[in-house]
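Below is one structure; the comments refer to it alone.
Chain letters run A, B, ... following the sequence lines, proteins first and then strands; every chain starts at 1.
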There are 4 protein chains.
Amino acid sequence: MPDKRERILAAAETLIAHCGFQGMSMQLVAKQANVATGTIYRYFADKETLLRCVHEERLLEVSATILHNVNTTEPSHAQFRQLWLNTLHYLQANPDSLCYRIQYEASPLFDREEERQMSDRYFKPVFEFFEHGRDAGLFRDMPAELLGFLALENLMLLSQKCTKGCIELDDYLYQQLLDASWNAILKR
Amino acid sequence: MPDKRERILAAAETLIAHCGFQGMSMQLVAKQANVATGTIYRYFADKETLLRCVHEERLLEVSATILHNVNTTEPSHAQFRQLWLNTLHYLQANPDSLCYRIQYEASPLFDREEERQMSDRYFKPVFEFFEHGRDAGLFRDMPAELLGFLALENLMLLSQKCTKGCIELDDYLYQQLLDASWNAILKR
Amino acid sequence: MPDKRERILAAAETLIAHCGFQGMSMQLVAKQANVATGTIYRYFADKETLLRCVHEERLLEVSATILHNVNTTEPSHAQFRQLWLNTLHYLQANPDSLCYRIQYEASPLFDREEERQMSDRYFKPVFEFFEHGRDAGLFRDMPAELLGFLALENLMLLSQKCTKGCIELDDYLYQQLLDASWNAILKR
Amino acid sequence: MPDKRERILAAAETLIAHCGFQGMSMQLVAKQANVATGTIYRYFADKETLLRCVHEERLLEVSATILHNVNTTEPSHAQFRQLWLNTLHYLQANPDSLCYRIQYEASPLFDREEERQMSDRYFKPVFEFFEHGRDAGLFRDMPAELLGFLALENLMLLSQKCTKGCIELDDYLYQQLLDASWNAILKR
DNA sequence: TATGAATGAGATTTCATTCAT
DNA sequence: AATGAATGAAATCTCATTCAT
C-alpha cells in the first residue's frame with residue numbers, strides 16, 4: 001500500500017509548514033497521516049531521512065511542474081513567460097511545499113553536495129534553457145544557475161511574503177514583476 | 001552587566017545558524033554565552049521571547065548598516081549602488097544573521113502584523129528611497145516594498161547559496177548582479 | 001495492562017502522604033510505580049490531572065467502604081455505630097489516603113463546585129441516612145452535610161493525630177468518642 | 001527593623017494559603033513582603049525554618065486570642081461558650097492562618113515531638129480548663145487533648161469548608177453547633 | 001544590614017525510537 | 001506489514017540559595 005508513504009510525506013510537509021521544524025513530531029505526523037507511529041519507521045529509517053525524502057520528493061514535483069509546456073531548446077520571451085508563470089502558480093498552489101523548502105534549506109540538514117547533485121538531476125532542462133539563451137547572446141554572461149536564480153528563485157521569497165500576507169499582488173503587479181525578471185537577465 | 005544580554009542574543013543567533021531552530025537548546029545557548037541556564041530567564045521570559053528578540057535586534061542592526069553613507073532623498077544609480085553593496089557586505093559578513101532571519105520568517109513564530117510594524121519602523125528610509133525614485137519616474141510603478149524586495153531582498157537567498165557553497169561569485173559577477181538588480185527596478 | 005494506571009495512582013498517593021505535595025515529583029512516582037516517566041503521561045495529561053484523579057479514585061473507595069453493612073434507610077444507633085466504625089477502620093487502614101485528602105482539600109487544586117458534585121455522587125447514601133434521621137426527629141435540625149460532618153468528618157483530623165503519634169487511643173476511648181459523636185448530633 | 005520579619009512571615013502564610021505549598025517560592029515571598037530575596041535569609045536560615053516559624057508564630061497568636069476573657073479555672077458553659085466563640089471568630093478572621101496550618105500539619109515538616117512541646121507550652125491553659133472540668137465530673141473521662149479536640153479542633157475543618165464555600169452557616173446553625181460540641185464532651 | 005543578579009540542580013513535560021503483539 | 005504502548009534521554013523552565021556590592 002504505497003499510498004501510505006505518500007500520506008506520510010504529505011503530513012510531514014504540512015506540519016512543518018504550519019508548525020515549524022520544532023512543531024513537527026513523529027507522533028503528529030502519524031496522526032495526520034492516519035497511520036501508527038511505528039509504521040513511519042517501515043518507510044523511513046529515521047526522522048532525518050523522512051525530512052530529506054520530503055525535500056527530494058518535492059524537488060521532483062516542482063521540476064516536473066515548472067517545465068510543463070516549455071520547450072527548453074528555444075529560449076524566447078514566450079518560453080520564459082511560461083516558465084515564470086508555471087513557477088508562480090506552483091508556489092501559490094503549494095504554499096506548504098515552499099514553506100518547507102525554505103526552512104529545510106536554511107537548516108543544517110541541507111547538504112551542499114547532495115543539493116548540487118539533485119539540482120543537476122532535476123533541473124537540468126531549466127539550466128539548459130538559460131544556457132542556450134546565454135550562448136545565443138540573449139541573456140547575460142553568467143552561469144546558468146545564477147540566471148535561473150535571478151529569474152525564478154526569488155519568486156520563492158516573494159511568494160512566501162504573499163502567503164504570509166505581507167504583500168498583496170494583482171494582475172498588473174504580476175505583469176510588472178515578470179517584466180522585471182526578464183529585464184534582469186537580459187543582456188543590455 | 002548588560003553585556004550578558006548581548007552575549008545571550010549572539011549565542012542564540014550563532015547556534016540557530018549552525019544547528020537550526022530545532023538544534024538550539026537553552027542549555028547550549030547558556031554554555032555558548034558562558035552564563036548559567038537560569039540566567040537566560042532573567043533577561044528573556046521564555047524561548048519564544050528570546051527568539052523574537054534576536055530577530056528584532058538584528059533587524060535594527062541591518063537597517064543601520066545598509067543605510068550607511070546613503071542619502072535616501074536623492075535616488076540615483078550611485079546611491080543605489082551604495083545601498084546594494086552595503087546589503088551585500090552585511091550579508092557576507094554576517095551569514096549567521098541571514099540564516100537566522102530566513103528560518104525565523106518561515107517559522108510559525110513569524111507574525112505578519114508585528115513584522116509590518118517593525119519593517120515600517122526600521123526600514124522607513126529604505127522605502128523612502130524607492131518611493132522618491134518611483135515618484136520621480138525613475139523606478140517602476142510599484143509599492144516601495146516590492147521595489148525594495150526586487151532590488152535587495154533577493155540578495156538574501158543569493159548570499160545563502162554562497163555561504164552554503166552552492167555558488168561562487170567573483171567581482172565580475174557581482175558587477176553583473178548589481179546591474180541586473182538596477183535593470184529590474186528601472187522604468188523602461 | 002490497565003493495572004499500570006492503578007500503580008501510578010497508588011504511588012502518587014503514597015508519596016504525597018510521606019513527602020507532602022511538594023515532595024512528590026513525577027520522577028519519584030514513576031520509580032515507585034515501576035514505570036518510565038513518560039508512561040505516566042499516557043494515562044494522565046499532566047501532574048494536576050493525576051492529583052485530581054487520585055482524589056476522585058479515593059473518594060470512590062472511601063464511600064464504598066464506609067457504607068458496608070449499613071442500611072441507610074433505617075437510622076438507628078446500631079446503624080450509626082457501623083457507619084462510624086467503618087469510617088474509623090478505613091482511616092486507620094489507609095493513613096496515606098487521609099493525609100492525601102487533607103492536603104488536597106487545603107490546596108488550591110480544590111474546587112468547590114467539582115467537590116460538591118463528587119460529594120453528591122459518591123456520598124448520597126450517607127447524606128440520606130442523616131436526612132432520614134433528622135426527618136424522623138432523631139437528629140438535630142441541620143443540613144445533612146453538617147450532621148455528617150459532626151459525626152464522621154472530624155474523625156479525619158483525629159485519625160491524623162493518631163497516625164502522627166500525637167494521641168494514643170484505646171478501646172475505652174473509642175467507645176467514648178463514638179458516644180460523643182452520637183450525642184453531638186442527637187436532638188435533645 | 002523587626003517589622004520586616006513580621007512582613008516575611010505574613011507573606012509566606014498568605015502565599016501558602018492562596019497558592020499552596022508548591023506555589024510558594026522564596027522569590028514570591030520576597031516580592032509580597034517587599035524585601036529583597038537575600039533579606040529573607042538574614043531572618044531565617046532556610047525555607048524550612050521559615051515555614052516552621054510561621055507555624056509557631058501563629059500557634060502563639062491563636063492561643064492568645066482564644067483565651068481572651070476566659071477564666072480557665074472555672075469550667076462552665078459560659079466559659080466554654082466564650083472559648084468556642086473565640087476560636088470560631090479567630091478562624092473566620094484569619095482563613096489564611098487556618099489554611100496554612102492544615103497544610104503544614106499534613107506535611108512532612110510536621111514533627112510529632114516538637115508539636116507536643118509547642119502544644120503544651122502555648123495551650124496549657126486550654127488543657128487546664130478541660131482538666132478541671134473533667135476532674136469536677138462535668139466532662140467525659142478523657143485526656144484533656146481529646147476533650148479539646150472534640151470541642152474546638154473540629155472547628156478547623158468546619159471553618160475551612162465555610163471559607164471554601166462548601167457550607168453556609170447562619171446564627172441558628174452556629175447555636176446548634178456550639179450546643180453539639182457541648183453535648184459531645186459532657187459526661188452523660 | 002540589605003540587595004538582587006547569578007547560579008545550577010532539579011522539576012515537569014516531550015518525543016524519537018523500539019518491540020511485543 | 002502494521003500497531004501503539006512503553007521507554008528514557010533531553011528539552012524547557014523554576015527556584016532555593018549564595019555572594020559581590
Using residues 17-25 of chain B as the side-chain source, report each donor-acceptor pair under 3.5 Å to any protein atom, sequence neighbours left out, with the distance given to one decimal.
residue: B:Ser25; atom: OG; partner: B:Leu28; partner atom: N; Å: 3.1

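- A straight line from CG of A:Asn34 to P of F:dA2 spans 14 Å, rounded to a whole angstrom.
- The pair A:Glu115-A:Arg112 fails the salt-bridge criterion, with no side-chain N (NZ, NE, NH1 or NH2) lying under 4.0 Å from an Asp/Glu carboxylate O.
- Whole-Å rounding puts the D:Lys31 NZ to F:dT14 P distance at 12 Å.
- Shown here are the side-chain contact (heavy atoms from CB on, under 4.5 Å) partners of D:Thr49, two or more places apart in sequence or in another chain: D:Ala45, D:Asp46, D:Cys53.
- Residue pairs meeting the salt bridge (Lys or Arg N to Asp or Glu O under 4.0 Å) criterion with at least one partner in residues 97-107 of chain D, sequence neighbours excluded, are D:Arg101-D:Glu105, D:Arg101-D:Glu153.
- Looking at residues 16-25 of chain B, you'll see B:Met24, B:Ser25 sit with a heavy atom under 4.0 Å from some atom of DNA chain F.
- When the side-chain contact (heavy atoms from CB on, under 4.5 Å) test is applied to C:Arg52, the partners found at least two apart in sequence or on another chain are C:Glu48, C:Tyr104, C:Leu109, C:Glu114.
- The residues D:Glu113 and C:Lys164 are annotated as not salt-bridged, no charged nitrogen and carboxylate oxygen being separated by less than 4.0 angstrom.
- Not counting sequence neighbours, the partners of A:Gln32 by the side-chain contact (heavy atoms from CB on, under 4.5 Å) test are A:Ala11, A:Thr14, A:Leu15.
- Under the rule for a side-chain contact (heavy atoms from CB on, under 4.5 Å), the partners of D:Thr39 that lie at least two apart in sequence or sit in another chain are D:Lys4, D:Val35, D:Ala36, D:Tyr43.
- In this structure, C:Ile40 atom CD1 and E:dT12 atom P are separated by 9 Å, rounded to whole Å.
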Query raised in the report: So what's the dot-bracket for DNA chain F: Watson-Crick or G-U pairs under 3.5 Å, [ ] if a pair crosses, | if it pairs off-strand?
Result: .||||||||||||||||||||
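- One can place CZ of C:Phe44 at 15 Å from P of E:dT14, the figure rounded to the nearest angstrom.
- Shown here are the side-chain hydrogen bond (donor to acceptor under 3.5 Å, both in side chains) partners of C:Tyr41, two or more places apart in sequence or in another chain: there are none.
- Annotation: of the two residues near DNA chain E, B:Val35 and D:Thr39, the 5′-most nearest-nucleotide partner is D:Thr39.
- Residue pairs that meet the salt bridge (Lys or Arg N to Asp or Glu O under 4.0 Å) test with at least one member in residues 19-35 of chain D, sequence neighbours left out, do not exist here.
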N/O contacts under 3.5 Å, protein versus nucleotides 17-21 of chain F?
residue: F:dT17; atom: OP2; partner: D:Tyr41; partner atom: OH; Å: 3.1
residue: F:dT17; atom: OP2; partner: D:Lys47; partner atom: N; Å: 3.0

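- Rounded to an integer number of Å, the gap from D:Ile8 CD1 to E:dG4 P is 13 Å.
- The CG atom of D:Leu51 sits 14 Å away from the P atom of F:dC15 (whole-angstrom rounding).
- In this entry the distance linking CG of A:Leu28 with C1' of E:dA16 reads 13 Å, nearest Å.
- C:Leu50 has its CG atom 15 Å from the C1' atom of E:dA11, to the nearest Å.
- For A:Arg42, there are no salt bridge (charged side-chain N to carboxylate O under 4.0 Å, His left out) partners at least two apart in sequence or on another chain.
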